Structures are given as structure tokens and as C-alpha cells.
S.K.: 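Dropping a structure here in C-alpha cells format, bear with me for questions.
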Amino acid sequence: MDYLTGLNERQKEAVTTTEGAVRVAAGPGAGKTRALTSRYCYLVDNYGISPRQILTSTFTNKAANEMKRRVQGYLGDLDLGYICTFHAFCAQFLKDEIHVLNFPKNFQIIDTEDQKHMLARIFEDMKFTSRDLTIKKALDTILEARKLEAGSYIDYFYLMDNERLKRAYLAATTIEDQIFLRYLYEQKKIYGCDFNDLIAFTIYILENFPDISQPWREKIQYVMVDEFQDVSARQYKLARLLAGYHGNIFIVGDPDQTIYSWRGAHVHLFLDFPKKYPQAITIDLGLNYRSTPEIVKAADRLINHNVLRLPRILETIRPSGPKPVYFHADSDHLENDWVIQQIERLRDAGTALNDIAIIYRAHSVVTRDIEEILTTKKIPYRIYSGTEFYARMEIKDAVCYLRMVAYGDDASFLRTHNVPSRKIGRKSLNFLREQAEERGISLYQALKDNLGSERFRATAANHYVRAIEYVRANLKRLSLDNALQSLFDLTGYEQSQRLGGDQDRLDNLAEFKRHLKDFSEDDEATLEDFLTRTALFSNIDRQPLTESVKLMTIHAAKGLEFKRVFLIGLSEGILPSRRSQDPEEMEEERRLTYVAMTRAIDGLYLSDSAGKTTDGHYKRPSRFIAQMGLDNLEFVHPLDKSLWASNAHPTRELPNLDNLLTVGELVVHQAMGPGQIIRVDLDNRVYVIKFEKMSTERSVRFDTSLTLLKPTDVAIH
DNA sequence: ATTTTCGAGATTTTT
DNA sequence: TCTCGAAAAT
């Protein structure tokens with residue numbers, strides 16, 4: 001029973017409320033993963049529910065692994081296959097059920113990079129170049145278009161046969177439609193399934209095939225969703241569908257930590273949960289176990305500038321500590337220098353390097369400079385990001401060689417056909433494109449069919465084709481790691497890397513082969529399974545070999561905690577990002593800062609530097625520094641208020657929204673008298689106000705004259 | 001005539 | 001790291 005010991009009353013309530021719809025609103029460091037884990041154990045242990053009857057959606061694979069470890073710690077070794085991301089659940093589901101959409105069981109999961117490749121190829125085929133419609137924009141448009149009507153594009157296109165789809169894109173009148181339909185055609189041709197499709201297909205099947213849907217809904221007795229504030233509308237719909245039969249849906253989240261809006265998350269989903277489930281009970285976990293009161297105070301002051309939130313009062317139990325430290329440097333080099341000096345000081349005072357993290361808005365903030373200083377000072381560090389294991393060039397190459405064996409798709413072909421160099425350059429590739437286009441075949445097939453032609457006489461293309469064909473033919477006999485080795489040997493890939501002389505790359509390849517070998521220990525494991533896994537679990541958590549300082553983006557730091565946190569690059573244009581223009585985006589930037597601050601347990605260090613940004617503007621300290629409350633911070637240098645002069649933040653927050661009232665504030669309306677602001681609706685530009693005289697809430701336009709009765713920090717309810 | 005190499009410039013966040 | 005373009009190499 002020790003999964004219940006040490007829980008506070010609120011947490012216990014969350015754990016033991018097992019029926020119906022439950023919403024847990026949890027602040028940072030409130031032990032929400034703890035509550036979720038305990039509830040899982042409680043259901044299995046007390047109610048005799050089998051793990052296969054509980055779907056627990058986590059936001060990252062890392063979080064899933066962490067939860068599994070904890071549950072197994074309490075209950076022993078169990079198969080916890082449904083503690084996973086929605087995407088991983090859908091991959092499992094579709095493997096069994098996608099045949100109803102006439103897709104093969106071994107459909108291919110494609111990632112953003114594949115999609116970009118496909119689009120690039122379409123653009124080139126169409127000889128289409130435009131400054132206004134870049135590949136990136138086209139991809140956004142494609143994703144956006146599909147978001148609108150979950151099922152419709154499946155009805156219209158995925159159930160259409162390829163010939164009709166082809167006619168549709170040829171007949172399209174606008175460039176956008178041409179690209180969109182052409183893209184769907186290309187994707188369908190290879191039975192590709194992107195991350196959105198995984199969810200959308202699953203929903204589609206659940207909604208349209210009752211014979212499949214009903215057994216699943218009966219089987220899944222409990223649905224639990226972690227990090228609900230980052231769930232997209234579509235994922236939410238999936239959760240509702242699966243929980244539809246038993247009605248047990250349990251969500252945990254913190255609207256103030258919504259940092260994935262760009263991926264479809266919206267604060268409203270959490271705030272409006274009771275509208276979907278009128279009987280839902282809400283449990284508030286506001287007690288912060290993690291950070292010192294000083295850190296919580298500054299973070300709380302900052303987040304109170306947001307309008308789209310549930311007001312809450314954060315309480316702390318930790319003993320008092322130092323105020324967060326703010327350092328403004330004259331140059332980015334001096335900023336890095338200061339940060340690393342502090343780290344050295346902490347280390348010499350006995351802080352383990354593992355307890356220290358450097359956090360930033362975007363990878364670009366990490367310059368060669370900071371790495372150089374860390375190296376010269378002999379401080380081991382590890383960057384969690386950009387070049388994660390599977391993102392490394394040589395690993396991607398290896399994966400694409402394997403994909404050539406399994407799928408022979410164009411994206412993999414483009415990555416592998418000329419690595420190492422085989423004298424197949426642009427002209428030859430264009431030739432292949434024409435062939436492929438004309439005959440409706442893949443690039444690889446086109447190459448195979450033209451091996452005898454003069455064009456490829458002088459190239460090493462035949463080696464390439466022979467290697468792939470050999471491994472394809474012998475795949476059943478070869479173990480996966482041997483298959484890859486054969487590919488390497490026959491194509492000379494590894495040899496070329498060896499000649500390149502980069503030992504790191506060879507080490508990485510060796511590690512990749514070990515992974516592959518581990519995977520193929522299981523006799524059932526197929527190449528397709530492995531590729532599915534690499535597509536879904538691209539961030540394998542490798543244990544750091546040595547004690548090291550961790551560098552990561554705020555997004556990557558979500559859900560983690562560190563004794564000491566350095567939040568660097570707190571400049572206007574970086575945090576908040578210059579790309580965040582409208583007020584809602586600005587709120588997201590503020591939430592990001594809030595998330596970063598609340599990672600810290602004992603010490604929080606904030607820094608920025610003067611100098612120029614890449615676009616030539618002079619950098620200014622972030623407005624968020626001021627919004628934390630200057631008296632809540634410890635300034636390394638005497639305070640220079642001119643750094644936040646009124647001209648320092650041009651046009652970021654729309655002027656007419658600058659003076660918005662905040663939820664909870666008491667106002668007087670000329671006609672309707674006194675009332676309290678319940679919600680601020682930015683979409684419709686109205687305040688939702690509960691007036692004393694009225695029984696129902698009223699909407700009042702932003703520009704209506706309202707007298708502020710008195711500002712208040714007190715929460716409503 | 002093609003392919004390869006090399007330097008410069010830019011890069012939000014991720015399942 | 002990736003892309004682009006121009007110069008160098010086959």
C-alpha cells in the first residue's frame with residue numbers, strides 16, 4: 001500500500017475518486033505524476049483492473065518510461081503497454097485495425113522531415129518557386145487543412161483509389177489545392193502515415209466502424225491523461241471516444257504550463273472540461289513541494305500577467321532560500337562567462353553537476369562560445385536536443401538504408417542514393433524523376449529499371465541496388481543487425497565514414513548496431529516494427545555516462561526539476577521570441593518562462609546580455625524580468641531601470657489590449673453596476689462578467705467603459 | 001558536361 | 001545541421 005503513503009489529502013482524493021470525470025488542476029511541483037501513478041496502482045491493486053484496461057496517455061515517451069518505472073516499483077513487473085503517448089497507442093491500435101481503410105498492416109510512419117522531402121519534390125516537379133509559399137508554409141497549410149475536419153479528408157482522399165486521387169490533383173484549380181492533393185497522393189502511394197494521421201485514422205475507425213469500436217471501448221475502462229493542457233483537440237476527442245462507454249476520464253494538467261499551442265494545444269480545452277462533462281469534479285493541487293518560496297513568488301508574479309488562466313494561489317512548504325538572481329552582461333560572452341563561473345562556484349561548494357541545468361528558449365542560444373568555455377573549464381556537459389541520437393546524420397543514414405529495404409520510398413532514396421558518392425548527381429536524379437513521374441513509380445524503381453542505360457554505366461549505382469536487393473531477398477535469414485552490416489559492407493557506407501575519420505560517428509554507428517541487435521533478440525521483431533519504433537520513439541533516453549551539466553530547451557525541460565537552474569538569453573526577441581506577435585502568443589511566451597522558472601528547486605539564475613541580435617537590433621532585457629517583480633529578484637549589478645524604458649518593447653503587445661482587465665478583478669458598469677470578471681475572451685474581444693444584479697454571466701465588449709473597483713489578487717469561487 | 005567540394009548564412013519549440 | 005551557390009575536380 002505504500003503508493004498511498006505520504007500523499008496529502010487532495011492527492012488522496014484524486015487517487016481514490018475512481019468513477020466518472022475528474023479534472024485535476026495542478027500547479028508546478030505539486031506531485032501530479034505522483035498522484036497519477038498512485039491512482040494507477042490503486043486501480044490495479046484495489047479494484048483488480050488489468051493494466052490492459054487502463055489507457056494512460058503521457059505527453060512524451062520519457063514521461064511514459066518514468067511512470068512505468070514507478071508503477072513497477074510498487075506493483076512489480078507488469079506489461080504496461082498502454083502507458084504511452086497517444087501516438088504510440090494509435091500505432092498499436094492501427095496495426096490491428098487499419099486494414100479496414102485498405103492500408104497494409106505494415107504502413108509506414110513518416111515524420112516531418114519526410115514530409116518536407118516530399119513537398120520539396122512536388123515543388124520541384126511543378127517547377128514551383130515562390131517567396132510567399134515556402135515548403136514550410138505549405139506543410140503548415142497541409143497540417144492546418146487536415147486539422148479542420150478530422151474525418152473529411154480521409155473520406156475524400158484516403159478512401160479514394162489512387163487513380164481518382166491523381167485525377168483530382170490534376171484537375172485542381174488553385175496552386176494550394178494542387179499541392180495539397182498532390183501531397184496526399186504521394187503520401188498515400190507509399191502508405192505513409194504522419195503523426196496527425198495516426199490520431200485521425202484511429203478516430204475515424206472508432207467513429208465509423210462500430211464492430212471495431214465497441215470492443216475497444218468496453219475494454220478500456222479507465223482513461224487517464226497526463227499533461228492535459230498540452231493535448232490537442234484531436235487527441236482530446238480520441239480520449240473522449242475511448243472513455244465513451246465507461247465514462248471514466250481523468251485528466252491532470254496546469255493551464256499555466258501550456259507550451260505546445262503551436263501543435264494544437266489550447267488552454268480552453270482544460271478550462272472548458274466541465275462543459276463537456278457537467279458532472280466532472282475538479283480537484284486543485286496547488287501546494288508546491290518543489291521550489292523555495294522566493295522562486296515561487298517571482299514565478300507567480302510573472303504568470304499573473306496572463307489573462308487566459310484559472311487564477312490560483314500557489315502555496316509552498318519549502319523553507320526560505322535566496323531570491324532568484326538576475327545578471328545583465330555587456331556581451332553574450334560575458335553572460336556565458338558569468339553563468340559558468342557560478343557553476344564552478346556551485347560545484348566547488350559541493351553541488352553535483354547533475355543537479356545543474358542551463359535552460360533556454362531556442363537551441364540557437366547555445367553558441368559555440370558557451371561550449372568552448374565549458375570545455376576549457378573542464379566542466380562535463382550534455383546537450384539534450386537538436387542532435388539527439390536518432391537525429392545524427394549517420395544514424396539517419398543508417399535508418400534510411402533500412403527503410404530502403406523495407407519500403408524503398410523516395411525520401412529514403414534521396415538520403416541514401418549518393419552516400420557515399422556514387423556519381424549520381426543532379427542531372428541523373430532529374431532523369432530519374434522524369435521517369436518516375438511518367439510511369440508512376442518510385443525513384444528507386446526508376447533507377448533499377450535504368451541500370452543498364454548509358455547514363456549509369458560509369459556510376460556505382462549497381463552496387464547500391466545490388467546491396468538493397470540482396471538484403472531484401474535474405475531478410476528472413478539475416479538478423480536485423482546483420483542485415484544492416486551487409487548493407488554497410490556492400491555499399492561501402494561504413495568504409496566511407498571511416499575514411500572521413502570522425503570517430504564519434506563510428507561510435508554512434510556501433511551503438512546503433514547494438515540497439516538493433518538488442519531489438520532483434522526477440523524473434524517476433526520485424527524490420528517494420530523497428531522502423532515504427534524509431535519513428536515514434538526518436539528520443540531514447542540515454543543515461544548520461546558522467547556527471548554533467550545539462551543544457552536543454554524549455555520544452556525539453558518540462559516535467560523535470562533541478563536544484564539549480566540557469567535561464568539564459570532572457571532578451572526581448574529571444575524570450576519572448578520575436579516571432580510571437582499577438583497577445584495570445586505573448587501569453588505562451590510568458591508560460592514558457594514560468595515553466596522554466598519553476599523547474600528550479602533551490603536556486604534560480606536569470607541572465608541576458610547587451611549586444612546586437614542577428615537582425616541588427618540592439619538587445620534589451622526581457623519584459624518578463626520586470627514582470628517578475630524587480631523587488632523579487634537579487635540584482636548582481638545595481639538596478640538600471642532604463643533597461644526597461646517604455647520604448648524598449650515596441651509593438652509586441654497590441655496597444656489596445658495592453659490595458660486589459662484581469663480575471664478576478666472587480667469592476668463597475670455604468671448600467672449594470674458592480675461585477676467580477678470571470679473570463680477574458682480574446683477571440684470575441686469581450687469580458688465575461690458576473691454582475692451582482694444578474695443571475696447569469698454577461699459578455700461586455702473590451703471598449704465598454706468600466707471602472708475598476710479595486711485590483712485584487714484574490715481568486716474567484 | 002556533370003559531379004563534388006567548400007564556405008557562408010540561418011535556424012523556435014516536437015510526437 | 002541544412003541549404004544554397006559558386007568554384008574546383010572528374
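In what follows, chains are A, B, ... by sequence order, proteins preceding strands, each numbered from 1. Keep in mind the model is a prediction, meaning the values are calculated, not measured. Note: hydrogens, waters and symmetry copies are ignored here, and every other heavy atom, side chains too, is used.
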S.K.: Determine which nucleotide pairs with B:dT3, using a 3.5 Å limit on both distances of a Watson-Crick or G-U wobble pair.
M.R.: C:dA8
S.K.: Nearest to the side chain of A:T553 - B:dT14, B:dT15, B:dT3?
M.R.: B:dT14
S.K.: Taking only N and O in the side chain of A:K396, is any of them less than 4.0 Å away from OP1 or OP2 of C:dC2?
M.R.: yes
S.K.: Figure out the CG/P separation between A:N418 and C:dT3, and round it to whole Å.
M.R.: 15 Å
S.K.: Between atom CG in A:D397 and atom C1' in C:dT1, what is the gap in whole Å?
M.R.: 13 Å
S.K.: Rounded to whole angstroms, how far apart are CZ on A:R415 and P on C:dT1?
M.R.: 10 Å
S.K.: Are OP1 or OP2 of B:dT3 and a side-chain N or O of A:S428 less than 4.0 angstrom apart?
M.R.: yes
S.K.: Using every non-hydrogen atom in the two residues, find where A:E371 and A:Y381 come nearest and quote the distance to one decimal.
M.R.: OE1-OH, 2.5 Å
S.K.: Specify the closest pair of heavy atoms between A:S571 and A:D608, including all atoms of both residues, with the distance to one decimal.
M.R.: OG-CB, 3.7 Å
S.K.: C:dC2 pairs with which nucleotide, Watson-Crick or G-U wobble, both distances below 3.5 Å?
M.R.: B:dG9
S.K.: Thinking salt bridges, do A:K32 and A:D254 make one under a 4.0 Å N-O criterion?
M.R.: no
S.K.: With nearest nucleotides of DNA chain B determined for A:I259 and A:R422 from heavy-atom distances, which residue corresponds to the more 5′ nucleotide?
M.R.: A:R422
